[in-house]
Amino acid sequence: MTKDHISINRDVWQNDAENWVASGERLWASEPQWGIWGLPDVDLRLLPDDMTGLAAVELGCGTGYVSGWMARRGAEVTAIDVSAAQLATARRLATETGAEITFLEGNAEATGLPDAAFDFAISEYGAAIWCRPEIWLREAWRLLRPGGRLVFLGNHPLSIICTPLNGAPCEPVLHRRYRGLWGADWTEVEIDPSGVTFNLTMADWFALFQEIGFQVTGYQELYAPEDVDELRCWVPADWAKGYPNEQVWSLQKPD
Ligand SMILES: C[S@@+](CC[C@H](N)C(=O)[O-])C[C@H]1O[C@@H](n2cnc3c(N)ncnc32)[C@H](O)[C@@H]1O
């Protein structure tokens, strides 16, 4: 039987978890910052400054630093991830820093958490890219109370279509069709194979949000800072100074 994207991606993260421990430790100790370039939250404003009394959920928490930042700002945080190995790091770092977070091992497309239990939901490169948008966004909708907010950060569609089919670093060349974009299967690529990630065209993102009922309250395209020169993940900074490699959607479930 062919494996589904959930188990493919879980295996990828189970095997790769040890390579994310050091960055997890660094980010738990830092001020909130986002994406592969570490852009400061004081500029992007993805998290409310004061989260006192808010019930927050992180969907695909990895090593858990975003949950740590939300707990530090006063939120009551639940964090879910499909990889037990990633969660082991997250739990250790929460204990070491004294953060009280409820960690759950599970699939962000079907969390099993109660309806309308959260004021704020977030994903940075978790469900945002590893889960099917039409499924996990409906799950996030279900989890949010009326008036609740969802923020998610992932790859910009341009970074997917400008990545060579063998998985080499992205370049200013179109390698895939934009029309009909659904994501990409990295399992069999020559360079740095991984799992299956999801993305949509802008029109399809908007159509999906509208179909579910989300209001779009913000959209940001993220570029590499001018003073960075290196390759991060598979994105050369020089490419990402001219083309956004990441996007952030801010959504609200209407009252
Ligand atoms: C890149 S990490 C995201 C966490 C962190 N913000 C980061 O950028 O390192 C991706 C995480 O998504 C998790 N993930 C992948 N598929 C998932 C799913 N279906 N449900 C929950 N978590 C999932 C992986 O286990 C991994 O820990």
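For ligands, and for the atoms within them, numbers begin at 1 and follow the listed sequence. All residue numbers in this chain count up from 1 along the given sequence.
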Are any of the side-chain nitrogens in [X] or [Y] under 4.0 Å away from the carboxylate oxygens of its partner?
X: R10; Y: E105; answer: no
X: K241; Y: D229; answer: yes
X: R92; Y: E96; answer: yes
X: R73; Y: D41; answer: yes

For a distance cut-off of 3.5 Å, show me each N or O of ligand 1 paired with any protein N or O, plus the separation.
unit_1, atom_1, unit_2, atom_2, d
ligand 1, 6 (N), Y65, OH, 3.1
ligand 1, 6 (N), E124, O, 2.9
ligand 1, 6 (N), E124, OE1, 2.7
ligand 1, 8 (O), Y65, OH, 3.0
ligand 1, 8 (O), E124, OE1, 3.4
ligand 1, 9 (O), Y65, OH, 3.4
ligand 1, 19 (N), N107, OD1, 3.0
ligand 1, 20 (N), A108, N, 2.9
ligand 1, 22 (N), V82, N, 3.3
ligand 1, 25 (O), D81, OD1, 2.6
ligand 1, 27 (O), D81, OD1, 3.2
ligand 1, 27 (O), D81, OD2, 2.8
ligand 1, 27 (O), Q86, NE2, 2.9

| query | S30 and Q33: side-chain donor and acceptor closer than 3.5 Å? | reply |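 There is such a pair between these side chains.
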| Regarding T63 and W28, is there a side-chain donor-to-acceptor distance under 3.5 Å anywhere? |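 The answer is no; no qualifying pair exists.
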